[in-house]
Amino acid sequence: MADYSYTLTELMAVTAARQIKDGEVVFAGTGLPMLGAMLAQRSHAPDCCIIFEAGTMASQLAHLPMSVGDPRVMRGAATAAGLSEVFSYVLQTGRVDVGFLSGAQIDRFGNINSTSIGVDPRQPKVRFSGSGGACDIACLAQRTVIIALHEKRRFPETIDYVTSPGWLEGGDSRQKAGLRWGGPDVIVSTKAVMRFRTNTKAVYLASYHPGLSAQAVADDTGFSLDIAGATETPIPTEEELYILREVVDPERVFLK
Amino acid sequence: MADYSYTLTELMAVTAARQIKDGEVVFAGTGLPMLGAMLAQRSHAPDCCIIFEAGTMASQLAHLPMSVGDPRVMRGAATAAGLSEVFSYVLQTGRVDVGFLSGAQIDRFGNINSTSIGVDPRQPKVRFSGSGGACDIACLAQRTVIIALHEKRRFPETIDYVTSPGWLEGGDSRQKAGLRWGGPDVIVSTKAVMRFRTNTKAVYLASYHPGLSAQAVADDTGFSLDIAGATETPIPTEEELYILREVVDPERVFLK
Amino acid sequence: MANKIIGLEDAAALVPDGATISFGGFTTQRHPMAFIYELIRLKRRNLYLFGHSPGGDWDILIGAGCVKRVELAYEADEAFNTIGPRWRLAVQRGEIEWEDYSNFAMVTRFNAGAMGLPFMPIRSLFGSDVLARQALSEEQRAADPRTSPKKLHVMESPFDPNDKVVLLPAIHTEFAVIHVQKATANGTVRFEGQSFADVQQALCADMVIVTAEEIVEEAELRREPERNLLPYFTVKHVCHVPFGSHPYAVFNYYDYDPRQLKTYHDGAEDEAAFQQYLDKFVYGVNNHTEYLEVIGGAERLNSLKADPEFGYSPNLKRRRLE
Amino acid sequence: MANKIIGLEDAAALVPDGATISFGGFTTQRHPMAFIYELIRLKRRNLYLFGHSPGGDWDILIGAGCVKRVELAYEADEAFNTIGPRWRLAVQRGEIEWEDYSNFAMVTRFNAGAMGLPFMPIRSLFGSDVLARQALSEEQRAADPRTSPKKLHVMESPFDPNDKVVLLPAIHTEFAVIHVQKATANGTVRFEGQSFADVQQALCADMVIVTAEEIVEEAELRREPERNLLPYFTVKHVCHVPFGSHPYAVFNYYDYDPRQLKTYHDGAEDEAAFQQYLDKFVYGVNNHTEYLEVIGGAERLNSLKADPEFGYSPNLKRRRLE
């Protein structure tokens, strides 16, 4: 038990940051992914290259952007162009190492719905923003990190709309569908860290957040969750918390 | 008979310049087309937009370029990008009003060979530079102006290789081939000005240069040339000659 | 050189009911908002919108009842509101027609149009319902030339039978309206910062209308032709509209306006509150100058001004919005 | 940040016999000539070249016997010589294999490779023998993975049966070598003036080698990220090579060298004269520094220096060459 405290948002941001290796090209989105990418760049991955689909590459963020189109993403950028350059020249050529995703529904193979709730998407019960670049990142990044609110209804047996393809039906179904590389690597949720089995591509519980148990996480998951060998999620270090609070988000734009 | 003299190159440059209307987008190449375009911009067509396939648009040339990749094309340019932007965004969208072409062989329908001489292009008697952007200009400019050395062998019945498609076999064969617009408008040669009949698209003699006769031009043409109604080519004005000699090419890079 | 400068009202009046149109910008930056407010005041109806990641520009147009059909990838203000509130309601109430694509797919469609091509291929979308399903029926597509007869087409590469791509149909709109930092009377424009897909959107439109923070001399922009991404002869009209993107940001000029955005989003899902917003900020003013007064005038605008060192306002008070 | 700077000789030594490679520049500007002279000194053989409108960079490589096969649109120095002399002779003597495309077609092929696509469509080539005929036989194509199995493919648009386009196969090379005005040790580069197809050529290569007139600080180029067209992480090696494009021009740095070009072209069609040229300017020197001395040293180079107001030398003595 640490003698210092941290919030759930901080635990998730740190866990997200730790998914980024130094020197990697990171396709970041708004919110937790930006907290994570910025923290990674200020800690263990100073040479990670943060790119935004709206057109900037290698930003050295000084202030947390509220959007991918925020003027703040221009800070220290090596190149500033448009969506076409980022998607065509970098993402589609397989040059993005890790991309971040999130959504309203996620299934056991890491397929994500951020389009709408309801069996018929043409008459949805609830409509969301839509794919944005999520489908493209899911298809073309070398690996993806999924950020999720952990609730039963958000991890159902089947999702209403596959906005962002994960491992599809598992096994080699992703390759068979025409996706030559990539796929979900990890899900960082409000309760746990989940990864995917090498062959089946089915999700399993890698770790449960401090204060929870593997079974508690499984109980809050809509599909049956493989919890064999799950451990506790490593907590943030004091240094990571310091950077997060004092350097990354002193304005408390996203941090709670 | 004018009381001032001019050279054949000057007559051709002036005749080429007169093909350009004010405000038009002109796809210019090296040599006579540049003399013509620059003269037009300095005389009757100040707002013509001269573009070069290597990437510049709306150049306001101060010194005659020796090539499309000459740093001189940057002078006064409104945009400087690459070949892709010029070809895709401007030429392929039909925004080029007039393009200039030339070649070693030209047939009666304005098809041009600038690739090689000899029946089998894989074993040519004489090899030339190749298309460059000529085939693209011939396919996609709204109309083209062809500059030519007028010799029998350069205007044969059939050419050895169609580098730049003109009216193909005449009539509507160009449209049938998949070219939705464009086609040769005029040939400015060392002996004459030739245009194309509206329906058959066959070339006819519009005018013969001063000192020559319609029949003399026909005799120096490899295919039978329709000379009905041909007149004498209008000569350069003193003002055009002054601009050409003192403003456009005082270095005598191309002028003779 | 030509003088293409006209008034904002005159420019907006060129757009008829039922027009196909795209607006520049991305979620929270460089939307031609002043132009959009004019369209709402003009009570334009049945507009067909094409975009990748619009934000409140589309949301307020949709809420004001100006829009019949949209083709898009995303509609939200990101951290200011992760779903466009009027977009969501319009869909859930069946008040709008739409088709879902991804950002890459929409940008590729604009690119195809800009390049004069019927389509362009991409490697994205495989395995997704963006590819497998469509919101517009065959009948709806067949009945309306403003919409492509097919959403997309999967094909094998003729150069490698084991390789396949998705072909996306080109977009051609009657209008593209983009808001930029600098423009000349002749139509040369300067994007500062991210260019988003503004270049492609402009090049696939029949008429390009540019609204600009600043009108500058042609010679100034020609000093750096490498940075002029749009041939001037593709631009038809230019309007001088300072703060023309408020409440959204313009890099190097001003930041987004968190207070104004909160006012909009707090009320947008409530009919009365949304109508109040329209009445106060759109119908209640006669033009952009009056709008800038109503949102707080010089004092508010000065608080948003960009710090030249950053291109935005580093001390801007930003609420936590989630 | 990384330090990617290596010596020119070390960079050139990375290219093996039989490599597929493209060089930046256009006819008379920004060719990586110093790198090309190194390849000739290294006696590289059976190179596969891909280009749109190369000039003397290809011509001297071909003449020196380094090249097996080329795919191109044009090979000449324009007004300095409207046909590449060694290219012409190599073809007429059956000493080289080639395939003819147009500039738009070749740039489209580089673009497809740069975008990670198997092909890209264009509306050009219809009715031409560039489309109807091919110089490489099916057998030659099938036998060599360095060449596309098909030259091109004509298809109907799935969105409009009355519309057809030409699909062109993507290019992927093992190497792209581009010469630029400014680069950083980290691989950020700055093109000044026309960018030609350098960006696309670089992005479709496995290894990008940049030779630069000047090495500058990363911060200097990041002050204007809108002008940095190539992501630094796509650049593998950077070489500092002043006057690296001589006898060709580099906008804002120096002009082409008409005297040197005349010397080359006057003798290039004569075997003895061409060998003399190679012996004196390539084999006879050990490196680029010695080359710059042999062509005339500081005096000659100063006469070519660009006037900052123009980006070239307005008083350069240019012979009439036709």
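Lettering follows sequence order; numbering is per chain, from 1. Side chains included, hydrogens not; waters and symmetry mates left out as well; all remaining heavy atoms used.
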Fill in: Heavy-atom proximity to chain A below 4.5 Å, by part of C/Ser128
both
Worksheet item: Among C/Trp87, C/Phe196, C/Phe104, which has the most heavy-atom pairs under 4.5 Å with chain A?
Response: C/Phe104
Worksheet, complete the sentence: Ranking C/Lys164, C/Arg123, C/Gln134 by heavy-atom pairs under 4.5 Å to chain A gives rank one to C/Arg123
Worksheet entry | OG-CE distance between A/Ser131 and C/Met106, expressed to the nearest 0.5 angstrom | 11.5 Å
Worksheet item: In terms of heavy-atom proximity below 4.5 Å to chain C, should A/Arg174 be classed as side chain, backbone, both, or neither?
Response: neither
Discussion item. side-chain hydrogen bond (donor to acceptor under 3.5 Å, both in side chains) for C/Asn103 and A/Glu53? Distances and angles first, verdict last.
Written reply: CA-CA 9 Å; C/Asn103 272 345; A/Glu53 66 193 280; 2.6 Å; yes
Practice prompt. Against chain A, work out which of C/Pro314, C/Gly25, C/Ser137 has the most heavy-atom pairs shorter than 4.5 Å and name it.
Written response: C/Pro314
Fill in: Side-chain donor or acceptor of A/Tyr161 paired with backbone N/O of C/Asp129 under 3.5 Å
yes
Discussion item. Is A/Val86 in contact with chain C via its backbone, its side chain, both, or neither, using a 4.5 Å heavy-atom distance?
Written reply: neither
Worksheet item: Donor-acceptor pair, C/Trp98 side chain versus A/Arg122 backbone, under 3.5 Å?
Response: no
Item to complete: Against chain A, label C/Asp255 side chain, backbone, both or neither, depending on which of its atoms sit under 4.5 Å from a heavy atom there.
Response: side chain
Discussion item. Is C/Glu99 close to chain A through its backbone or its side chain, or both, or neither, when contacts mean heavy atoms under 4.5 Å?
Written reply: neither
Discussion item. Strictly below 4.0 Å, N to O, side chains only: are A/Arg127 and C/Asp100 in salt-bridge contact?
Written reply: yes
Worksheet item: What's the shortest heavy-atom distance between C/Ala197 and A/Leu83, and which atoms?
Response: N-CD1, 3.8 Å
Practice prompt. For A/Gln92 and C/Ile122, run side chain to side chain contact (heavy atoms under 4.5 Å, CB included): C-alpha distance rounded to whole Å, both residues' side-chain angles, the deciding distance at 0.1 Å, then the answer.
Written response: CA-CA 8 Å; A/Gln92 189 164 246; C/Ile122 61 172; 3.5 Å; yes
Discussion item. Less than 4.5 Å to any heavy atom of chain A: does that hold for the side chain of C/Val107, its backbone, both, or neither?
Written reply: side chain
Worksheet item: To the nearest 0.5 Å, what is the distance between OH (C/Tyr74) and CZ (A/Phe128)?
Response: 12.5 Å
Worksheet entry | Structural part of A/Thr115 lying under 4.5 Å from a heavy atom of chain C | side chain
Discussion item. Taking C/Gln92's backbone N and O only, do any of them form a donor-acceptor pair with A/Gln123's side chain (distance below 3.5 Å, no angle check)?
Written reply: no
Discussion item. Counting only non-hydrogen atoms closer than 4.5 Å, does A/Leu64 touch chain C with its backbone (N, CA, C, O), its side chain (CB onward), both, or neither?
Written reply: both
Worksheet item: Nearest 0.5 Å, what's the CZ-NZ distance between C/Phe126 and A/Lys176?
Response: 16.0 Å
Worksheet item: So which part of C/Glu97 gets closer than 4.5 Å to some heavy atom of chain A, the side chain, the backbone, both or neither?
Response: neither
Discussion item. Between C/Ser195 and A/Ala81 (side chain of the first, backbone of the second, donor and acceptor by atom type, cut-off under 3.5 Å), is there such a pair?
Written reply: yes
Practice prompt. For C/Gln194 and A/Ala80, indicate whether the former's side chain and the latter's backbone hold a donor-acceptor pair under 3.5 Å.
Written response: no
Discussion item. Keeping C/Glu78 on the side-chain end and A/Thr30 on the backbone end, is there a donor-acceptor pair under 3.5 Å?
Written reply: no
Discussion item. With a 4.5 angstrom heavy-atom cut-off, is it the side chain or the backbone of A/Arg75 that approaches chain C, or both, or neither?
Written reply: side chain
Discussion item. Please verify the inter-ring angle class for A/His63 with C/Phe310; under 30° counts as parallel, over 60° as perpendicular, anything in between as tilted.
Written reply: perpendicular
Fill in: Engaged part of C/Phe191 at the chain A interface, taking heavy atoms whose separation is under 4.5 Å
neither
